[in-house]
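Report on the structure given below.
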Amino acid sequence: MNIRAQVSSVFHLDKCIGCHTCSIACKNLWTDRKGAEYMWWNNVETKPGTGYPTQWEDQEKYQGGWVKQGEQLQLRIGGRWGTLGKIFHNPSMPTMDDYYEPFTFRYGDLTSAPAGDDQPTARPVSMVTGKPMKIEAGPNWDDDLSGSNIYAANDPGVVKLSAEEQQQLFAIEKMVMFHMPRICNHCLNAGCVASCPSGAIYKRGEDGIVLINQDKCRGWRMCVSACPYKKTYYGWSTGKSEKCILCYPRQEAGEAPACFHSCVGRIRYLGVLLYDADQIESVAQRDDKDLPAAQREMILDPFDPQVIADAKKSGVADQVIEAAQRSPVYKFVKEWGIALPLHPEFRTLPMLFYVPPLLPVMSMNNQGKQKLADDFFATLEEARLPMQYLASLFAGGNEEEVKAVYRKLIAVRIQRRSVTVGDLPAEEVSKACTVAQLDTEAIDAIYRMTTLTRIKERIVVPPMLREQAIEAGMDPEEHKQEMGFGKRISPKRRW
Amino acid sequence: MSWIKDIVDPNSRKWEEFYRNRNQCDKVVRSTHGVNCTGSCSWNVHVKDGIVGWELQATDYPELEPGLPPYEPRGCQRGISFSWYLYSPLRIKYPYLRGVLCDLWRKAKAEHGDPVEAWASIMEDEEARKSYQQARGKGGFRRSSWDEVEEIIAASSIYTIKKYGADRLVGFSPIPAMSMLSFAGGSRFMQLMGGANLSFYDWYCDLPNASPEIWGEQTDVAESADWYNSKYIAVMGSNPGMTRTPDVHFLTEARHNGSKVTVLSPDFSMSSKFADWWLPTHAGQDGAFWMAVNHVILSEFHHKAKTPYFMDYLKRYTDTPFLIELDEKEGVYTAGRMAKAGDLERYSEEENGDFKYLVWDETSQQPRMPLGTLGFRWQEKKGEWNLQMKDGQDGSDIATGLSLLDGNEDILQVAFDDFSDGNTVQRGVPVRYLETAKGRIAVTTVYDLMMAQFGVDRGLEGDYPQNYDADSVYTPAWQEKYTGLDRANVIQFAREWAATAEQTEGKCSIIIGAGINHWYHANLTYRAGIVALMLCGCVGKNGGGLNHYVGQEKLAPAAPWASIMGALDWSKPPRFMNAPSYHYVHTDQWRYERTSDEARINPVSEDSHITGGHTMDHQIRAVRNGWLPFFPQFDRSPIEAVKEAEAAGASNNQEIVDWTVKQLAEKKMKFAVEDPDAPENWPRMWIIWRGNALMSSAKGHEYFLKHYLGTHTNTIAPETAEEFVKDVKWHKEAPQGKLDLVVDINFRMDTSALYSDIVLPTATWYEKDDLNTTDMHSFIHPLQAAVPPCWESKSDWDIFKGLAKKVSQMAETHLPEPVREIVTVPLQHDTPAEMAQPEIKDWINGECEPIPGKTMPGMVVVERDYVNLYKKFISYGPEVRKNGLGAHGLNFPVADFYDELKEMAPTQKWGGEEYPSLEIASQAANVILHLAPETNGEIAYRAFEAEEKKVGLPLTDLAEGSRDVRTTFADLDRQPRRLLNSPIWSGLNTNGRAYSAYCLNVEKLVPWRTLTGRQHFYLDHQGYIAAGEHLPTYKPKPDHSTLQDFLVTEADENSIMLNYLTPHGKWSIHSTYGDNHRMLTLSRGCHPFWLNDQDAEQIGVVDNDWVEVYNDHGVVVTRAVVSSRLPRGISFLYHSPERTIGVPKSPLRNNKRAGGHNSLNRIRLKPNLMLGGYGQFTYAWNYWGPTGANRDTYIMVRKLKGEPNW
C-alpha cells in the first residue's frame, strides 16, 4: 500500500444556480492579467451545450486523456514520450476560435469624446489587436441556452446519443438545462503531468494539487492537449502555461479556495481523500462502465485502523488523517455514493465529483394534454433528460450508476417530507428508502450535509503543516525572520 | 506510475511563492454594494499596496435558530465584479462640465461677477439656453473644479428659488436601504432648501399596490431563510435562480428538506430548472391561474370540508366576516360599501361610528361592532385598537359568523363583473336586513360575496358553474384560455397547496416579483395569489406568506433615518412626491395617450364620473382632492404666495392658508398640475445621485430626452391627447428642454452622467462609510472606506455638505433673511386623514367645501433659513428631541438618548445651542444606530410601550430580553448585527427566529393598518367599487392594438411583432455591473435581445445577428440570442442596458444612436391607484400611487440592414 492524501471536491449540481460567482472570484485573484484574459481556471457551463473551449468533450477533435492500448495506458495524443514529436506542430491544439478573442470596450471615449452631433458610445475592441471587432464568442457564450439548435444540439454528449435518444431529448429540448461548474480535477492520473516534455508539472506530495512550475515551464503546450478537460491554458504574454492551483496559498492559510469560498449556491464541498497510489494504473484501465465504481474502491476508509497504520507508514501526517475523517467528500463519494466523476472514461481519475441535478416535470396544455406527475415529487421514470446523457457525463455510460444516485436523492426528499409535513403515504416513504438502499440515519446525514452545513463543515481544508515543509529547506525560525524582505522575483520568462 | 510525479521537496518548489505573493494583501475591510441591489451582502475588500485588489464574501453573519441553514456566503457574480470599477476607464475621476455650458458660464461669470446674476443671464437668453441643452448627451465634457461646479449648482438653486420657488428643484435617488446615508445626504440638502424629492419604489414599478390594498402596508416580507420553513412554494413573476443569487440556496435546500417548489413562468428559466413543477403559463396571465386555484380551494376546502383551521383563521384575521351593503339599482343588486356601526341605533353615539364596521354575531343573531377597526384607531380613548373579537361598546365576546348561508333572511341575485368576457353574471347571495338610520338595508358578508364572485355552487339560485369543466368565469376550465395550463394541473396544484397549508397550519408561500408587478393589472394578479394565501391561513406564519422581492430593500432603522433624510429634525412637512405622476406629467407623456385606448386596457365605465376621462384629468383630481402630492404646487412661487397673502392682509399662518384656499376656490390661483407646460411650472434643476434616472429607470426615456433635456430623441409618436383631456391646459406646442440644469453624481460614466450638464465624481462603495440593510435577511452591516475616495471623488454625504456650504455662502448676498413659503401636503396614511373622505366629492365642482387636510391637500407655512442651511445640515436638529421619533402612526420619546448623544459623540455648537454632529457620515450612522428600535434595545422597549397604549394588549415582552443592546458603527465593522424586534415592523426575530411578515399581527393581535384592522379581501372604496376591483377579479391582458405602440410604425414582411418584456437579468443589477468588463465577457459582450427560434426564423435572424427593435417610442439596436427557452410571441431585453456600451446607430431613425430598453416604452398610469383619502387608500411616499407599469408593450423586430454603423 502506498497511501497518499488528495484534496478532493464535490459539486452538488442540483444546488448550482449557474451564477458564475466562482468564475469571477478566481478571475479577480489569479487571471486578471495581460495574456491571461481568456484563462477561466473556473468556468461554468450550461448543459446540454458546447462548453468552454467549445466542444472540449470531443476527444476525437482534441485528443485529450488516455486510451487503453492492450494492457497499457497511453496518452491519446501519443505515446508517453511521443508527445515530443508534436512540439512544433500539434493539430489537436485548441485555437483562439475554440476559446474566444478577448474583448473590451473603449470606455474612455465616453468622457473624452469631443462635442458632436450624436451620442458617443464605447465600441467593442479586441484585447489582442486593440482594433474594433464584432464579438462572436465568449467563455460562456451559450449561457442558459439549452434548447438551442446551434449549441445544445452540438453538445458532444448529445451527438453521441442514439437517434432515438436524441429524438427524446429534442422532443423536450425546450425545457432542459442545468449548470456545470468546472475547475481542474487535480487528477490522480493527470494527462498534463504525463505529457509535459519539460517535467514542469507535478502533483504536490502532501495534498495532490497539480501545479505547473512557472520556472520550469517552457511553453510546449502538450499539457493543453493532453488534458481532456482543457483546464491548462497557455499564457500568450508570458509564454508559459498556467492552470487552477486549487488556491494552495489560501489553503495553506487554512482558507477555502476562492471559488469554494464564494460559492453562493453552497454547492461546493472540499476535503481530503486517502487512496492507494499503487492502484492508479490498474484502476485507470478498467472498462468504461466500471470506472466510477473502481475509482470509489481505491478511496480508503480513513477510520479503518489498517488504513491509518498504512497511511502513517506512507508519511501521511496524523492531522491529515483526522482531516480525512471529517472530509465531506468521503461521505458523498464513498459513504453515500451520490457523487460521480466527470467523464471517467478519459481515464485521468479526476478527483472532483458531481452530484447530478434533479429536473422538473412540466405541465402544458400543448397540442393535447400533459399532466403533472401523480407523485408528489417527480419520479425517476419522469426524468426529462435521457439517463444515457447523464450516464455519459458522469458514469462512463453506466446508467445504473446514475439511477442509483437519483433513487437516493428522491428518497431523501420523500423521507424529509414525511418528517416535516407527514402527508405522504407511509408505504411510499418506506418503498423509496428501500429502493434507494438508504436507512433513515443516512438520509438524515445527507439532508443535513446538503442543507444545513456551515462553511467549515462543507470545506474541510487539511492542515498544510507549512513549518514542516519549510523545515526541509530552511530553518522555519529563519524563514519567519526573513519573510517579506528582499525583492520578489517573478518566474523567468521564455521571451 | 512513473509519469505522475509527486513532489514533496521544498527546494524544487520555491517558485510556488509566485502565487503566494499575489494572495497576500495588506488589509481586509468590510464593505458592501450601495445601491439598488437587495442582496445586502457583507464583503471583505482586500487591499494591497493601497489599491483595492479584489473582494470575497464575509461569512460571519450571526446564526439563526438551529435547523435553519446559515446566511453564508452572500454575494453574487455581479457584486464580486465591483472592484473592476474603481480603477477602470469608466470611472469618473474629476468634476466635469458640459463644454458649451462651460464656455457660457465662464463668459457670464466674467461679465457679471455675481454667480446668481451670471446664471440668470444664461437662463434669460433663450438661444444660449438652447445651445447647451441641445448639446446634452453628445460629448464635449470639460474637466472642471469642485469650486466651479459647486458655484454653478448653488447659483442655479438660488436663482430658481428666487424666481420660481424652491419646489421647482427636484432630487432623485433610488432605494435608500443599501446606502442610507448617501441617500439621506442628498434628500436632507434638498429638503432644507425646500425642493422636492421623488419616490422610487412605485416609479420602478416595484411597489405592489396589492400590499397597501390588502394590508395597509407598503411591503413586508419574509427574510430568505424563512423559505426553508415553507413546505410549498409557488414562484411566479420572479426568477430567484437568476436574480436572488445569494438567497436561492434556501430554496434548493428547502427542497432537500421535503418542500415542493412550483414555478409559473412563460420561459424555461433558471428557476424553472430546479423546480418540481414548471407551469409554463402564458406571459402576464398568472392571475387567471390563481383565480381558478381559489375556485377549487373555496369549493373543496371551504364550502365542502369547512376546514377548521381555515375557518378560524379567516374569522380572526381577515375582513371575511364583515357586513357589506347591497345596493339596488333598477332591480339589480350590487356589492356596495361596508355597513357602518354608526348607522345602527345601538352604536349611533359611538365616536367615529362611521369608521367602525359590523360583523354578524351568531350568539345574539345581531350585527356587532368588533374592536380594531379604523374608528378605534383614531378615537380619543386608546387601547381598543386590537384584534380581539369583542364588541367595542360593551366588551362582550362575539361569535363571528363567516357566512349568512344558514339563517339568512333572503337570497338576492347580485351582479358580478366578468371582465374576461365583458359581461356580468347574476348569482344568489344570502342576506340579512338591518334597520339603519338610512332605512332597511340588505347586507351580506365578504365571505358570501367571495363565494359568489368565485362561482362556488352552494345550491343557491343563479349563474353558478356546475363543475370544474364548465366554461364559466374562474373555473379551472375557464383559465385554460388565458394561461394555456391544463385544468387538471390547476386542480392538483390547488389540492396540494391547501392540503399542505392545512397539515402545517399555513406553511405555503409565494415568491413573487417584477415579472408580475410590472404589468398594468399587477395589483389584481397579486391579489389573486394573496387570496389563496389568506384562504389557507398562510399569512403571518413562518414558512407562509407573500414574499415580494423587487425593489423593496427594507430600510430597517427607518424612524431616525427618516428624521435625517427628510430634515425633519428641523422642519416639517417635507416635499415628497410620487415619481410616476411627476414624470408622467412633466415629461409630457400624457400628451401621447388616448382615453379610448386606456378604457380598453382598464375596462371601466366611461360614464362614471369616478372612472371616466383621461388619465391626466384623474391626476389633476387626485392632486386637487389631496390624494396625491404634486410639485411644483401652484402656478406661482410658494414664497410669492405668502407675500401676496400678506399683502392682502393675512397676518398669521392660518390666514395665509385661508387666503390661498380662497384663491384656489375662486380659480384665481391654479395648481401647477393643471398647466404643466407653462414655463413657470416646469421643473428647473434636477440632481440625480445613486441612480440612473435618465436611462435605467426612465420609462419613456425618449420623452425624457425630448421634453426634459431638449436634446435629440428617437421617438416618432404623435401627440393624441388633445381631444380627450378636459381639465388640463393644452399648449399647441409641447415645450422641449424644461430643465435648466441636470446634475449627476456618479462614479461611472453611465447614460445619465453622459446626458447631464454637470457630473460630480463620487466615492465608490469601497471608499465611504455608510449603513446597509435589506428584507432578504435580518442583519445590519456597514459600507466602509477600504481606500480613500479615489482621484477627486468625494462621498455623497460630503458632496451635499459641500453644496450646502456653497448655498449658505451665496445666500448671504441673495437670501440673507429667512423666507417663508407654503407647503402642500396630501392626506396621509397612518393619520386621522384616513377618515377624511369616505365619499368622493370634488370641491372644485362645489360638491363640498374646500378644506385643507380634509377635502384638499393640507397647507403649512414654513420658514427657510438659507444662510444657516449648512449649519443645519451638519447638526441633528431640536425637533427630534422635542417630538420624539416614530413611523406608521407610532411615536416614542427619545429626548434622553438625544442628550446622551451630545455627551458621547461630537457636537456642533452655534446660535447658542449644541446639537449632535452630523458632519461626517459615520457620525450620522451612530445617531441612527443609537436612536433606532432595531439597534437600541431600550428604544425598542419604549416603542413597544407606546404601541401597547394604542393596542391595549401586552407587547413589551417582545423587547424585554434585549433592553441592554446598543450598537455602534464600530460594532458593525466587527460583525453584522441582527436586528431587534420592533413595532415599526411586523415580523418577529426573537432567538434567531426567521423573520416572516405579520407574525406580530397574528400572534399579538395588533391590527393591520386597514379599514377593518384585518386583511382585506374586499376593498371598500367608492373608486374601487366603480372600477370593479372591490372584489378579487381578473382583467385581461391588453391587446396590442390598444397600446399605441404602432400609430405610425408600420409592419412589413421583414419584421415580427412581439410582446416586449424587460425582466431582471443575470449580468447586471439594473444598469450597474452590466457595463463592466467581467459581466460583458461572461455574457454576450452586449445586452442581447432574446427571442424564440421560430420567431427568429420567420424574420431570417440567426443567433448573434444584429437586430433593430422598434416602435413609435424609440429604437434599440443590439444582437439577438435565439432560443426555444422562450415561447413564441414574447421577447426579452433584460433590464437594463446602457446606451453607452457598444450601441450602434439606427438606420430606421436617421442613423442616430439607438437607445436602451426604456426607449421602447411610455408610462401608463392606472387611475384607481390614484385614489385616496380613505382607510389604507391614503397617500404615503413610496406606499401609495400609480406605478410605472411597462410590461404591456409591443415592439417590432427585424434584422439590421447591413453592417452596424458606429
Side-chain angles (χ1 to χ4, degrees), chain A residues 15 17 19-21 24 28-29 103 107-108 110-111 113-116 118-122 124 135 140 145 147-148 150 174-175 177 193-194 202-203 205 213-215 245 249 264-266 280-281 360 362-365 369 371-372 416-417 420-421 423 447 450-452 454-455 469 472-473 488, chain B residues 1 3-8 10-11 15 18-21 23 54 59 69-70 73 76-77 80-81 89-90 99 137-140 231 241 245-246 248-249 252-253 256-258 268 273 275-280 480 484 486 488-489 503 749 1078 1082 1085 1103 1123-1125 1140-1143 1153 1206:
Chain A
K15 297 183 75 182
I17 51 178
C19 67
H20 301 250
T21 311
I24 296 165
N28 280 348
L29 192 47
F103 52 83
Y107 293 109
L110 297 171
T111 306
D118 202 0
Q119 181 216 296
T121 195
I135 297 165
N140 182 38
L145 255 179
S148 154
I150 299 176
K174 286 181 184 172
M175 292 73 73
M177 75 179 171
V193 177
Y202 61 99
K203 279 180 86 68
N213 184 324
Q214 294 293 294
D215 280 342
I245 57 172
V264 63
R266 295 161 40 95
I280 291 176
E281 188 156 7
M362 58 104 49
S363 82
M364 199 172 189
N365 185 8
K369 291 174 183 177
K371 196 172 177 317
L372 291 166
R416 289 306 300 169
R417 178 86 190 173
T420 57
V421 183
D423 58 348
Y447 119 77
T450 308
T451 67
L452 295 178
R454 276 60 183 160
I455 190 165
R488 290 191 189 273
Chain B
M1 298 292 278
W3 64 82
I4 301 294
K5 303 200 297 187
D6 272 15
I7 297 182
V8 180
N11 289 317
W15 77 272
F18 175 61
Y19 290 119
R20 280 191 197 109
N21 182 21
N23 181 57
W54 63 91
T59 56
C76 68
Q77 72 273 28
I80 203 168
S81 73
L90 198 60
K138 297 174 187 165
K231 302 316 296 186
T245 315
V248 72
H249 70 86
T252 63
E253 285 159 353
H256 289 267
N257 191 29
F268 186 68
K273 76 111 187 162
D276 290 296
W277 288 356
W278 170 39
L279 299 163
E480 286 182 355
D486 190 283
N489 297 322
Q503 195 83 13
M749 190 54 82
R1078 301 271 186 279
L1082 283 178
D1103 192 74
S1123 173
S1124 50
R1125 185 169 78 69
T1140 52
I1141 306 294
V1143 172
R1153 184 80 54 211
W1206 297 93

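Source: prediction; values computed, not measured. Just so it is clear: chains get the letters A, B, ... in the order the sequence lines come, proteins before strands, and each one is counted from 1. Just the heavy atoms: all of them, side chains too, but no hydrogens, waters or symmetry mates, feed the values below.
Top candidate by heavy-atom pairs under 4.5 Å with chain B, chosen from A:T451, A:N140, A:I150, is A:T451. Among B:I80, B:V8, B:D1103, the residue making the largest number of heavy-atom pairs under 4.5 Å with chain A is B:I80. The greatest number of non-hydrogen atom pairs below 4.5 Å with chain A, out of B:T252, B:N23, B:V1143, is found for B:N23. When B:T245, B:N257, B:I1141 are compared by the number of non-hydrogen pairs under 4.5 Å with chain A, B:N257 comes out ahead. In terms of non-hydrogen atom pairs under 4.5 Å with chain A, the most contact-rich of B:G241, B:G99, B:G139, B:P70 is B:P70. Comparing A:A469, A:A122, A:G473, A:P124 by heavy-atom pairs within less than 4.5 Å of chain B, the highest count is held by A:A122.
Here the side chains of A:L145 and B:R1125 are not in contact, with every heavy-atom distance at 4.5 Å or above. At least one side-chain heavy atom of A:R266 sits under 4.5 Å from a side-chain heavy atom of B:P73. Contact of the A:Y447 side chain with the B:H256 side chain is not registered, since no non-hydrogen atoms from C-beta on lie closer than 4.5 Å. In this structure, A:M177 and B:F268 have side chains that are in contact, with non-hydrogen atoms separated by less than 4.5 Å. At least one side-chain heavy atom of A:N28 sits less than 4.5 Å from a side-chain heavy atom of B:R1078.
Within the 4.5 angstrom heavy-atom criterion, only backbone atoms of A:P114 (N, CA, C, O) approach chain B. Looking at A:L29, both its backbone and its side chain come within 4.5 Å of chain B, counting heavy atoms on both sides. Of the atoms belonging to B:V248, it is side-chain heavy atoms, and not backbone ones, that fall under 4.5 Å from chain A. B:T1140 touches chain A through backbone and side chain together, each having a heavy atom under 4.5 Å away. In this structure, the portion of B:N11 lying under 4.5 Å from any heavy atom of chain A is its side chain and not its backbone.
At a cut-off of 3.5 Å, with distance as the only test, a side-chain donor of B:K231 or A:T420 sits close to an acceptor on the other residue.
Ring orientation note: the planes of B:W15 and B:F18 are tilted relative to one another, at an angle of 30° to 60°.
The salt bridge (charged side-chain N to carboxylate O under 4.0 Å, His left out) check on A:R417 picks up A:D423, with sequence neighbours excluded.
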